[in-house]
Protein chains: 2
Amino acid sequence: MARTVGSHSDTTAQRVRAAALTLFARHGFAAVSMRQIATEVGVQVGALYNYTPDKQTLLFDLMRSHLEELLDAFEDRQDLPPPARLEAFVRFHIRFHHKRPEAVFIAYMELRNLSPENFAVIEDLRRAYENRLEAIIAAGVAQGAFDVADTKIATLAAIALLTGVNTWFRADGRLTLDAVEAQYWQMVSKALAGTANQL
Amino acid sequence: MARTVGSHSDTTAQRVRAAALTLFARHGFAAVSMRQIATEVGVQVGALYNYTPDKQTLLFDLMRSHLEELLDAFEDRQDLPPPARLEAFVRFHIRFHHKRPEAVFIAYMELRNLSPENFAVIEDLRRAYENRLEAIIAAGVAQGAFDVADTKIATLAAIALLTGVNTWFRADGRLTLDAVEAQYWQMVSKALAGTANQL
DNA sequence: GTTTGTATTGAACAATTGTTCAGTTAGTCT
DNA sequence: AGACTAACTGAACAATTGTTCAATACAAAC
């Protein structure tokens, strides 16, 4: 046998990426074989190499497009006051990450399986995203709306906090995503608040 | 050849665990072979099986003892008022996790490589730790020192926030661990504070 | 100094790994 | 209808995987 009925490079490429995303997220990059991906796609192993030069590049492409989509999707309304900008960021971050749990998982867990060059690219993208948040926090500090000792730490702390939602939130649980957004926004806003409010 | 000079099961057992910890943290469980561990220990592969029935149990033992040490190490001073208890927890968590970055990494990243039974054991231990924090938060809410919409969410949020320190803090960086503890405690205390303090 | 038990070697096992490629069939274009 | 190209198969490759076990050299006890 050879070429199969209805085969098209566009659709197969998509299915390869989707299968890799799901399997990498579920079992981890190193634990997934190219044959498992091929089986999921419904194709023989060799065919995968029409869509990626090697296994690691497949992982890298998934990570990069995830982070690029993340950066593209966030629109910073610089005309708004910092608290409103920050609230928009918080809600955006939670919603965006909720929609792509597998990509989020992979982008945070499989960094060590990248070559140094690929790792550097991913790190740059991640830092670019962090910088967007830091700019908001810095603006708020500058005009007294926020009070933080170090904007970089506050940025990393906020992102760790918000990304943590993905580890426990389930849409069929007792809370709606809207309620979660509201509660996290409350915690973030209080944590960074300018009004002195120590215990 | 056979038994080697100076060989003792006690010391070898320790070295096997140490080697596995380092390698699993650096490359991931699935990416590390038993032969790599053996090489690190300075022994042949077969010798490892005097110390673990199989590879996965080696991982499980590392995770379990890490979490058991974590639970043993934290002493909750229930006699103190909730804010002081919470501060003690925050500082303990950051310090303890800072001393064991590899074990922390593994315990959060390699859960999917456990069998269902082993996974359940680890999950119970983690939940036990979370419950310790939740008890503190609940006590603070009960007496009005804290104000959170949901103690479970506040607990998970705080742990995600605090554990995030490990992803960026380096002892040779521009900040001391003490300064980091102080800043994180400030954020946590403000985030959960009872006094109304919205933006 | 002999015996007993412990710690390790070294080789073997079947299974699986990522990757390559000549051959073959399906879609597409003229 | 025929020629051309794109997509896939199927088999092969050497390397590596986790695990087992008889043989053996050491340490400890007497």
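Per chain, numbering begins at 1; letters A, B, ... match sequence-line order. Just so it is clear, the values below take in all heavy atoms, side chains as well, and ignore hydrogens, waters and symmetry mates.
For the pair Ile37(B) CD1 and dT17(D) P, the interatomic distance rounds to 11 Å; values are reported in whole Å. Between the CZ atom of Arg15(A) and the P atom of dA7(D) there is a distance of 14 Å, rounded to whole Å. The interatomic distance linking Met34(B) (CE) with dG18(D) (P) rounds to 7 Å, in whole Å. Following rounding to the nearest Å, Asn113(B) (CG) and dG18(D) (C1') show an atom-to-atom distance of 14 Å. Atom P of nucleotide dA15(D) and atom NZ of Lys55(A) are separated by 19 Å, given to the nearest angstrom. Distance, Leu48(A) CG to dT17(C) P: 13 Å, rounded to whole Å. Rounded to an integer number of Å, the gap from CZ of Phe29(A) to P of dT17(C) is 13 Å. Rounded to whole Å, atom P of dT17(D) lies 16 Å from atom CZ of Arg35(A).
The local environment of CD in Glu75(B) is sparse, with at most 12 non-hydrogen atoms from other residues, nucleotides or ligands closer than 6.0 Å.
At least one side-chain nitrogen or oxygen of His8(B) sits closer than 4.0 Å to the OP1 or OP2 atom of dA28(D). Between dT8(C) and Thr12(B), a contact under 4.0 Å exists linking OP1 or OP2 to a side-chain N or O. Residue Ser33(A) places at least one side-chain N or O under 4.0 Å from the OP1 or OP2 atom of dT17(C). Remark: Tyr51(A) is in phosphate contact with dC8(D), judged by side-chain N or O atoms under 4.0 Å from OP1 or OP2.
A salt bridge is absent between Glu130(A) and Arg126(A); no separation between the charged side-chain nitrogens and carboxylate oxygens falls under 4.0 Å. Using a 4.0 Å cut-off between a side-chain N of Lys or Arg and a carboxylate O of Asp or Glu, Asp76(A) and Arg85(A) qualify as a salt bridge.
Paired with His93(A) under the rule ring-ring contact (aromatic ring centres under 6.0 Å, His included), one option of Phe74(A), Tyr184(A), Tyr129(A) passes, and it is Tyr129(A).
Distance from the side chain of Gln36(B) is smallest to dT17(D) among dT19(C), dT17(D), dT9(D).
Take the nearest nucleotide of DNA chain D for Asn50(A) and for Val32(B): the residue whose nucleotide is more 5' is Asn50(A).
If you check every strand for non-hydrogen atoms under 4.0 Å, Val43(B) touches sugar and phosphate atoms only.
For the pair Arg100(A) and Phe96(A), the distance from NZ or CZ to the six-membered ring centre is under 6.0 Å and the angle to the ring normal is within 45 degrees.
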